A.B. asks: 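Structure in structure tokens, see below.
Values in this document were obtained by computation on a predicted structure and should not be read as measured data. Chain A is the first sequence line, chain B the second, and so forth, proteins listed ahead of strands; every chain is numbered from 1.
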There are 2 protein chains.
Amino acid sequence: MRYVQLADTIRDRIVSGTSGALPSEAELGTEFGVSRVTVRRALELLRDEGLVTARRGVGWFVASDPVRQSLGRVTTVEAALEAAGATAGRRVLEFAFETAPTDVAKTLGLPVDGEVLRVTRLNLADDEPFALVTVWVSARLGAHLSRADVEHSTFYDLLPLHGVEPGRVVQTITAEAAEGKTAHHLGVPAGSPLLACRRVTYDRHGDAVIVAEHRYAAHLTALEVEFPFTQTPGARHG
Amino acid sequence: MRYVQLADTIRDRIVSGTSGALPSEAELGTEFGVSRVTVRRALELLRDEGLVTARRGVGWFVASDPVRQSLGRVTTVEAALEAAGATAGRRVLEFAFETAPTDVAKTLGLPVDGEVLRVTRLNLADDEPFALVTVWVSARLGAHLSRADVEHSTFYDLLPLHGVEPGRVVQTITAEAAEGKTAHHLGVPAGSPLLACRRVTYDRHGDAVIVAEHRYAAHLTALEVEFPFTQTPGARHG
DNA sequence: CGCACGACTTGTATGGTACCTGTCTTTTTC
DNA sequence: GAAAAAGACAGGTACCATACAAGTCGTGCG
């Protein structure tokens, strides 16, 4: 689907800072070597997402500061815990350099047999386990981290010390059944539903630096996302 | 049996990371030096295993990659499905006026025995069940909606016609085990993990107008949240 | 100033092309 | 005789090219 890919590249262009008016449909068409119809379908897709708006006779515009607008108020489980006054604790279960899983290598931009530091950690709230977290960073970065470091500080506190400036975070949320070992650590029956969040952190240059997987027991946790409604008239699917 | 061997090699290729669209039947035929019929028999074998799906006139796709729904940008399930290249459908299962569940009555600002319109709907992606959605609106608003309305349009398209302007949306995400009836509708085993989203839509005046519960089979769906890195308590835990 | 005109834009519709899957029949091969 | 190959056709989808309607804006003329 050509227009989906085109929408992806335009979306990237928008989230990485472009604002104001977009080039006209005809210009985008010649730039990407596609017809105007295809450009329109891509733009309509982005309009359904609330990322852009169109004014007839004028042009297409990036919706006013869409990133901040739509993503400003994401509350994580950890934030809620702190707000509730719980004391957060960490217990490092594993700390190992090993070859990266293929998907992790891919997102971190490493070769298929690239080496990473994997830290598996149990997050505690008032000494009760509530999240099982696995973090991967490239071995090059991990070389500067000690086990004590990751036990007492967050990765977000540590990385700036080594010249890495976090830029943006993409969090993918899904659900899964608790596998035996995970269930044991979280203190829930095996097979019970978990909230699984994969969080990829990028630095200022757009390169992925941290891949993390958080697993929460479902009965304890809920993520809350708030965003303003963006009017999307004329959605193509009725 | 030539096509069984071919199915094996294609399966290997898929499980080792290939995703998205497969080459066309003709291309696979020339690549492996077999006829199109043989390629088809192999692919049909993999389809029976649930590994791939075919869309007429388009091509074959690996079935495993979930639909990623971007929170904060996509406002409807339909938009996310279209972005993934699937065709969206709806089937209304229940359409009833009844007394509101207490939590719904509370969020909608109704008295404890207030009346609401409840619509339970199955969302389809390429004619496969994808999401089970229950929507509650106050009886006062629901009085203007017909069953055909909610079958053919989204609530977000319908409400502006009756003077309601959506303002903001708060979405709460959690996981749960599929209860029997829900599992049946979604075509998954009972007890399998679901992604459960409760979405409360407020109008311009800050009054809650829609309460909706979306349930997705976990293996089909992932929610995606992107936010710029800020040194807030919520983003500190990594 | 007022106004028409033209150059641009988005919105909409249509015909045509290339390619895809789905299904069938016939021929070849082992 | 069964499996595979080869071919043909139907039904669909995505994309392109084109045309035209409708809206906006700047320019220049009277």
A.B. asks: Whole Å only: how far is the CD atom of Glu27(B) from the P atom of dA18(C)?
C.D. replies: 17 Å
A.B. asks: Roughly, in whole Å, what's the span from CG in Leu22(B) to C1' in dC19(C)?
C.D. replies: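 It is 16 Å, rounded to the nearest whole Å.
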A.B. asks: For residues Asp149(B) and Ser146(B), is any side-chain donor paired with an opposing acceptor at under 3.5 Å?
C.D. replies: yes
A.B. asks: Starting from the 5' end of DNA chain C, give me the residue, Val37(A) or Trp60(A), whose nearest nucleotide shows up first.
C.D. replies: Trp60(A)
A.B. asks: Does one side chain, of Glu213(B) or Trp136(B), offer a donor that lies under 3.5 Å from an acceptor on the other?
C.D. replies: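 There is no such pair (donor and acceptor under 3.5 Å, judged by atom type) between the side chains of Glu213(B) and Trp136(B).
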A.B. asks: At what distance, to the nearest 0.5 angstrom, does CH2 of Trp60(B) lie from CD of Glu44(B)?
C.D. replies: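 So the CH2 of Trp60(B) and the CD of Glu44(B) are separated by 5.5 Å.
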A.B. asks: Are a donor atom and an acceptor atom from the side chains of Arg55(B) and Thr53(B) found within less than 3.5 Å of each other?
C.D. replies: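 There is no such pair (donor and acceptor under 3.5 Å, judged by atom type) between the side chains of Arg55(B) and Thr53(B).
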A.B. asks: Choosing from dC16(D), dG11(C), dA4(D), which nucleotide comes nearest the side chain of Thr38(B)?
C.D. replies: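 Nearest to the side chain of Thr38(B) among the choices is dA4(D).
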A.B. asks: Can you identify which nucleotide, out of dG22(C), dA14(D), dA5(D), has its nearest atom closest to the Arg56(B) side chain?
C.D. replies: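 My answer, after comparing the listed nucleotides, is dG22(C).
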A.B. asks: Can you identify which nucleotide, out of dC25(D), dT21(C), dG11(C), has its nearest atom closest to the Arg47(A) side chain?
C.D. replies: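 Within the option list, the nearest is dG11(C).
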A.B. asks: Between Val104(A), Val170(A), Thr134(A), which is the residue that forms a side chain to side chain contact (heavy atoms under 4.5 Å, CB included) with Arg198(A)?
C.D. replies: Val104(A)
A.B. asks: Can you check the Phe32(A) CZ to dC15(D) P distance for me, whole Å?
C.D. replies: 15 Å
A.B. asks: Whole Å only: how far is the CZ atom of Phe61(B) from the C1' atom of dT13(D)?
C.D. replies: 10 Å
A.B. asks: For DNA chain D, whose closest nucleotide is more 5', that of Val34(A) or that of Val39(B)?
C.D. replies: Val39(B)
A.B. asks: Using atom CZ of Arg55(B) as one end and atom C1' of dG11(D) as the other, report the distance to the nearest whole Å.
C.D. replies: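 Between C1' of dG11(D) and CZ of Arg55(B): 15 Å.
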A.B. asks: Arg41(B) CZ to dA5(D) C1': how many Å, rounded?
C.D. replies: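 Distance, rounded to whole Å: 13 Å.
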A.B. asks: Any idea which of dT24(D), dT10(C), dA5(D) is nearest the Arg40(A) side chain?
C.D. replies: dT10(C)
A.B. asks: Can you tell me how far P of dA4(D) sits from CZ of Arg2(B), to the nearest Å?
C.D. replies: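 In whole Å, dA4(D) P lies 8 Å from Arg2(B) CZ.
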A.B. asks: Give the rounded distance in Å between these two atoms: CD of Glu25(B) and P of dC19(C).
C.D. replies: 15 Å
A.B. asks: Quick check on DNA chain D: between Ser35(A) and Val4(B), whose nearest nucleotide comes earlier from the 5' end?
C.D. replies: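 With Ser35(A) and Val4(B) compared, the 5'-side residue is Val4(B).
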A.B. asks: From the options dG22(C), dT9(C), dG11(C), select the nucleotide whose nearest atom is closest to the side chain of Ser24(A).
C.D. replies: dT9(C)
A.B. asks: Going by modelled atom types, is there a donor-acceptor pair between the base of dG11(C) and the side chain of Arg36(A) at under 3.5 Å?
C.D. replies: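 Under the 3.5 Å cut-off, the side chain and the base do form a donor-acceptor pair.
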